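Beneath this line is the structure, given in structure tokens, with notes to follow.
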Amino acid sequence: MTQEELFKKLVAHCKEYGFIFPSSEIYDGLSAVYDYGQQGVELKNNIKRYWWESMTRLHDNIVGIDSAIFMHPKIWEASGHVGAFNDPLIDNRDSKKRYRADVLIEDFIAKQEEKIAKEVEKAKKRFGDAFDEAKFLETNARVADYRAKRDMAHDRMVDALNRNDLEELRQIILDCEIVCPISGTRNWTEVRQFNLMFETKMGSVSEGANTIYLRPETAQGIFVNFLNVQKTGRMKIPFGIAQIGKAFRNEIVARQFIFRMREFEQMEMQFFVRPGEELEWFKKWKETRMKWHRALGFGDEHYRFHDHEKLAHYANAATDVEYEFPFGFKEVEGIHSRTDFDLGNHQKFSGKKIQYFDTETGESYVPYVIETSIGVDRMVLQVLSASYEEQQLENGETRVVMHFPPALAPVKAAVLPLVKKDGLPEVAREILHQLKFDFNVQYDEKDSIGKRYRRQDAIGTPFCITVDHQTLEDRTVTVRYRDSMEQKRVAISELSSMIGAEVGFRKLFDQLIG
Ligand code: GAP
């Protein structure tokens, strides 16, 4: 199965098992907007909890807030979003489709890399054990050609983006002979800038309504509350403020399911530090955040950093944590050294002094900021992609299993009476009642036990608890483990502690502080 086919299957699986639905589906959907179903919302809430508690509980100098989505429109002038939150767009005149110019070029670059990988694969087959990959990459003429094209496109694009040179972006597209994926032609328009913020009106028109924006990031809600939190919480630098909330961007190239949406959620933390110490903290936060990702146990080799060459208008260093999705390595989280840009500009635009008096140095200054910013939905997609497996069983059957880390699994245990009679459902419901105050548990008595196990595998439930006739005699049940499918007998009285030890967040947190 190709990675593309695998991804299609995952999307279908998400719908079939109540993880994610297209929004407004009975009205044919709304592009790049999605709803979370009964399993999806549990998974998403668990991911948020993992992030929130690792920030606000494991660090005694980080506190949380929940600021409003609607904010004073001047905030977006101060932040630079009104002037510079743009995507360079290009239209194909034949298909009438609109694309991000930089994404077209990035796709071209990725294609060259795929071609190089294919050449290596072919040569490996041809030469067998005698194959020397390093030498091949160095000497093969076709590889050299693909490499040259890749590097040319990359270097010119970075330079054009840095200089905001839209004509050059178009020229790269023409020079690389990039065609529209729909029409197959090179009939391109000029490249234009397009602002990504959604506008709406506040107040009635007769009162003279004001144009306001749906926030494109949660970060600004933290910056404008810097003094409120610092003063009321008596916070001393270095300290951080964390927030989880919705953000909105009118993405033109919305694609890959919930990877790029128009309405999405972010988990952002702004860490305020002394000027001059920001790059040291940037390095620390890079390590801390990578640890958080890797603790989930999906394999360290699937993560990497991608340091930015083109820095955003507010940053003096930036990197992405990338995960290897079925469609390649892509950004899950951004870590940015935002300097004093935001607080400094809010001071300027609001006319209010935003300074911190450092009792250790005796100085007042505008603090510098390290930001960690991760998309909740993108993290959900990462966990779904990493967990999905179509497994071939020894008996010739296949099962689809979601290998969620137990702390993130939507349902922690399913309680299943072997048959719907002989008093077994009553005992099963009694167990359910005992567990439901601590865990999200499900009861299921429909269909054969095998089918019920498959349904739980498909939503990633770590434990299936089967009540059978022996239970009536000795108050033990069969516990089946999702990943190994092993079964063992456990006393009903031990279920709670056994499940608790596996599904709690403690195992993850221990790795973060260790
Ligand atoms: N405050 C900084 C900021 O917003 P960003 O790199 O634009 O930085 C941070 O976004 C994270 O938000 C990304 O790494 C990604 O996980 C998520 N994100 C951004 N745009 C998104 C979109 N359209 N759909 C889903 N997630 C998105």
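Whatever order the structure lists them in is the order used to number ligands and atoms, beginning at 1. Along the sequence shown, the residues carry numbers beginning at 1. Bear in mind the structure is a predicted one, so any value in this text is a computation, not a measurement.
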So, [X] versus [Y], ring centres under 6.0 angstrom or not?
X: Tyr323; Y: Phe329; value: no
X: Phe198; Y: Tyr213; value: no
X: Tyr99; Y: Trp188; value: yes
X: Phe7; Y: Phe327; value: yes
X: Trp285; Y: His59; value: yes

Exercise for the section: For Phe70, look at atom CZ and say whether over 12 heavy atoms of other residues, nucleotides or ligands are found less than 6.0 Å away. Expected result: no
Indicate whether any N or O donor in one side chain lies under 3.5 Å from an N or O acceptor in the other, for [X] and [Y].
X: Gln243; Y: Ser67; value: yes
X: His81; Y: Gln220; value: no
X: Thr185; Y: Asn92; value: yes
X: Ser337; Y: Glu278; value: no

Among all protein non-hydrogen atoms, which one is nearest to [atom], and what is the separation to 0.1 Å?
atom: atom 8 (O) of ligand 1; value: His336 CE1, 3.6 Å
atom: atom 9 (C) of ligand 1; value: Ser373 OG, 3.0 Å
atom: atom 24 (N) of ligand 1; value: Met261 N, 2.8 Å
atom: atom 26 (N) of ligand 1; value: Phe264 CD1, 3.5 Å
atom: atom 14 (O) of ligand 1; value: Glu331 OE2, 2.5 Å
atom: atom 19 (C) of ligand 1; value: Arg249 NH1, 3.5 Å
atom: atom 10 (O) of ligand 1; value: Gln266 NE2, 3.5 Å

Below 4.0 angstrom from a heavy atom of [X], which ligand 1 atoms are there? Numbered from 1 as shown, please.
X: Glu268; value: 1 (N), 2 (C), 3 (C), 4 (O)
X: Glu217; value: 1 (N), 2 (C), 3 (C), 4 (O)
X: Phe259; value: 24 (N), 25 (C), 26 (N)
X: Glu333; value: 14 (O)
X: Glu371; value: 1 (N), 2 (C)
X: Gly375; value: 11 (C), 12 (O), 15 (C), 16 (O), 17 (C)
X: Val332; value: 14 (O), 15 (C), 16 (O)
X: Gly334; value: 14 (O)

Problem - Heteroatom distance test (Tyr314, ligand 1): nitrogen or oxygen, under 3.5 angstrom - result: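 Not met; the criterion fails.
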Exercise for the section: For Arg338 and ligand 1, answer yes if some heavy atom of the residue is under 4.0 Å from a ligand atom, otherwise no. Expected result: yes
Problem - Contact check, Met379 vs ligand 1, heavy-atom distance below 4.0 Å - result: no
Exercise for the section: Taking only Lys NZ, Arg NE, NH1 and NH2, and the carboxylate oxygens of Asp or Glu, determine whether Glu265 and Lys44 approach each other closer than 4.0 Å. Expected result: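 Answer for the salt bridge query: yes.
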